[in-house]
Undergrad: 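Take a look at this one; I'll ask things after.
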Amino acid sequence: MVDTDSGWDGRGGRGRRGARDTRGARAADAIPDGRVAAPDRGVAAPDSRVAAPDRRAALPGRRVAAVSLVALAALATGCEPGTATGAPEASPPVRPTQAAASSPTRTAPVTEDAKPRTAPPPSPSASTSPPAPAPATARPAPEPSTAPPPRVLMRTGSESDRVRELQARLRQIGHFGRNPTGYYGSVTADAVRSFQAKRSLPVTGSTDEVTWQRLLAMTRVPKAAELRPPTERPLAAPDERCLKGRVLCISKNSRTLAWMIDGKVVSAMDVRFGSEYTPTREGVFEVFWKSRDHVSTLYDTPMPYALFFSGGQAVHYSADFAANGYGGASHGCVNVRDKKKVAALFDQVRTGDKVVVYW
């Protein structure tokens, strides 16, 4: 029989703990065959591994908490899947072997001291791109031609009757737009380039054997009037001051010079004059000095076959006029571009002969 007044419940507990355990004892008395004694002795054993068996046995609420802890521990160790009561839902951790089997593309995060165990999968672009084409076999460079280049017959600076024929033949087929002068200047070089380009020849501006033979095959032999026309432009009507005596009659309007004796034209040639800044003087003058191989001391340029008529102004041959035509101008002199004609004129004109420059 249990003495309730003493607070002894047979388990060694007193006071308030005993009061609670008394209720547990009453519950245990309801079990037949005296089966309460054994669990009571087991619970009360001082060497029991459970620190407070009486608390868990006596308090249903704490037992529930203990069960929850056990369930959480089971989930943490991966024993079996499930959701603990009162705990937030969490998916069970996946073992490395399961992760590798279920998702072959997932790898562990790369850190400085941990590398992924599996190599990352190839990128889609790398796996789907077509294979790179094999490099084309380089063709051997053609060996340079060992044939010598064709011999050059005429080039810039040349001056001869053959140059005059070249110019006359080029004029026949529309590549040279003026009268032949016999001097190979920039105008002639441009005409040769035009001819070479149209015939698919090397465009050099120089007349080599191939260019010359092609031109001969396309043109006829020039006539004398084609080789040495009196002037490029028609002669102007002579000024009345040119009709008597020996006169160099020079027209700025027609840009021609006519060597006249007693009103008759002995020879004629194209001329050009000074620019607006260095104009050629107009009026009646006379030749006061002749210089066959003169060089200008003011401009340091050659003035061959010079016939001086007014200060430093003279009639003379101009290589620039022969080469570039009317694209340039003199420093006031009367330039002649036909060297043979002006050379013959130099021999015929005397000091004191009249010079008339007019419009």
Side-chain angles (χ1 to χ4, degrees), residues 157 159 178-179 181-183 185-187 230-359:
E159 189 173 10
R178 59 187 59 189
N179 288 337
T181 63
Y183 179 79
S186 60
V187 175
T231 60
E232 183 178 285
R233 302 170 184 272
L235 285 172
D239 186 276
E240 61 181 9
R241 294 170 291 183
C242 299
L243 299 179
K244 293 181 180 180
R246 297 162 61 91
V247 182
L248 293 174
C249 193
I250 303 170
S251 171
K252 283 188 171 182
N253 184 39
S254 64
R255 295 189 286 188
T256 58
L257 181 154
W259 167 233
M260 301 179 67
I261 300 177
D262 295 331
K264 294 182 180 179
V265 177
V266 177
S267 64
M269 57 204 74
D270 297 324
V271 293
R272 72 177 184 182
F273 307 97
S275 68
E276 58 179 328
Y277 304 104
T278 55
T280 303
R281 301 180 187 98
E282 301 167 19
V284 179
F285 311 93
E286 64 178 32
V287 176
F288 67 89
W289 182 34
K290 294 173 61 175
S291 179
R292 185 179 296 273
D293 298 311
H294 189 77
V295 177
S296 171
T297 57
L298 182 61
Y299 300 105
D300 193 27
T301 55
M303 298 170 56
Y305 307 108
L307 302 169
F308 286 92
F309 62 88
S310 176
Q313 295 187 357
V315 175
H316 68 84
Y317 170 73
S318 170
D320 180 76
F321 183 29
N324 299 313
Y326 291 101
S330 74
H331 293 101
C333 291
V334 178
N335 291 162
V336 181
R337 63 182 174 189
D338 192 320
K339 194 173 184 178
K340 286 189 174 181
K341 283 186 176 182
V342 73
L345 180 67
F346 183 86
D347 291 337
Q348 297 175 34
V349 173
R350 307 169 186 167
T351 302
D353 286 347
K354 187 187 295 186
V355 179
V356 178
V357 181
Y358 68 102
W359 279 99

Undergrad: Locate the shortest heavy-atom distance separating S291 from F346; write the atom from each residue and the value.
TA: N-CE1, 3.7 Å
Undergrad: Identify the heavy atoms of H294 and A306 that sit nearest to each other, and give their distance.
TA: CB-CB, 4.2 Å
Undergrad: K252 and Y358: side-chain contact (heavy atoms from CB on, under 4.5 Å), yes or no, with the steps?
TA: CA-CA 6 Å; K252 283 188 171 182; Y358 68 102; over 6 Å; no
Undergrad: Flag the pair V357 / R281 as yes when at least one side-chain heavy-atom distance between them is below 4.5 Å, and no otherwise.
TA: no
Undergrad: Can you tell if the side chain of Y277 reaches within under 4.5 Å of the side chain of H331, non-hydrogen atoms only?
TA: no
Undergrad: Please step through side-chain contact (heavy atoms from CB on, under 4.5 Å) for the pair I250 and V315, ending with a clear verdict.
TA: CA-CA 10 Å; I250 303 170; V315 175; 4.1 Å; yes
Undergrad: Ignoring hydrogens, what is the shortest heavy-atom contact between K339 and E159? Give both atom names and the distance.
TA: CD-OE2, 3.0 Å
Undergrad: Got V287 and L248 here, is their nearest side-chain heavy-atom distance under 4.5 Å?
TA: yes
Undergrad: Tell me, do L345 and V336 make a side-chain contact under 4.5 Å, heavy atoms counted?
TA: no
Undergrad: Under the criterion side-chain contact (heavy atoms from CB on, under 4.5 Å), I'd like the reasoning laid out for V334 against F309: C-alpha separation, chi angles, the key distance, then a yes or no.
TA: CA-CA 10 Å; V334 178; F309 62 88; 4.1 Å; yes
Undergrad: Apply the test side-chain contact (heavy atoms from CB on, under 4.5 Å) to residues T280 and Q313: give CA-CA distance (whole Å), side-chain angles for both, the deciding distance (0.1 Å), then the verdict.
TA: CA-CA 8 Å; T280 303; Q313 295 187 357; 3.9 Å; yes
Undergrad: NE2 of H316 to OG1 of T301: how many Å apart, nearest 0.5 Å?
TA: 6.5 Å
Undergrad: To the nearest 0.5 Å, tell me how far C333 SG sits from Y299 OH.
TA: 8.5 Å
Undergrad: Salt bridge check: are K290 and D347 linked by an N-O gap of less than 4.0 Å?
TA: no
Undergrad: Do you know which two heavy atoms are closest between T278 and S330, and how far apart they sit?
TA: OG1-O, 3.2 Å
Undergrad: About how many Å separate CG of D270 and OG of S254, when rounded to the nearest 0.5 Å?
TA: 9.0 Å
Undergrad: Taking C-beta and beyond as the side chain, do M303 and F308 meet within less than 4.5 Å on heavy atoms?
TA: yes
Undergrad: Carefully, step by step, assess R272 and D320 under the rule salt bridge (Lys or Arg N to Asp or Glu O under 4.0 Å).
TA: CA-CA 11 Å; R272 72 177 184 182; D320 180 76; 2.7 Å; yes
Undergrad: Minimum heavy-atom separation for W359 to N253, with atom names?
TA: CE3-N, 3.8 Å
Undergrad: Shortest non-hydrogen contact from C249 to M260?
TA: CB-SD, 4.0 Å
Undergrad: Decide side chain to side chain donor-acceptor pair (under 3.5 Å) for R337 and T181; before the verdict, give the C-alpha distance in whole Å, the side-chain angles of both, and the deciding distance to 0.1 Å.
TA: CA-CA 7 Å; R337 63 182 174 189; T181 63; over 6 Å; no
Undergrad: Mind checking whether R255 and F273 have side chains closer than 4.5 Å, heavy atoms only?
TA: yes
Undergrad: Hey, what do you get for CG (D353) to CD (E286), rounding to the nearest 0.5 Å?
TA: 9.0 Å
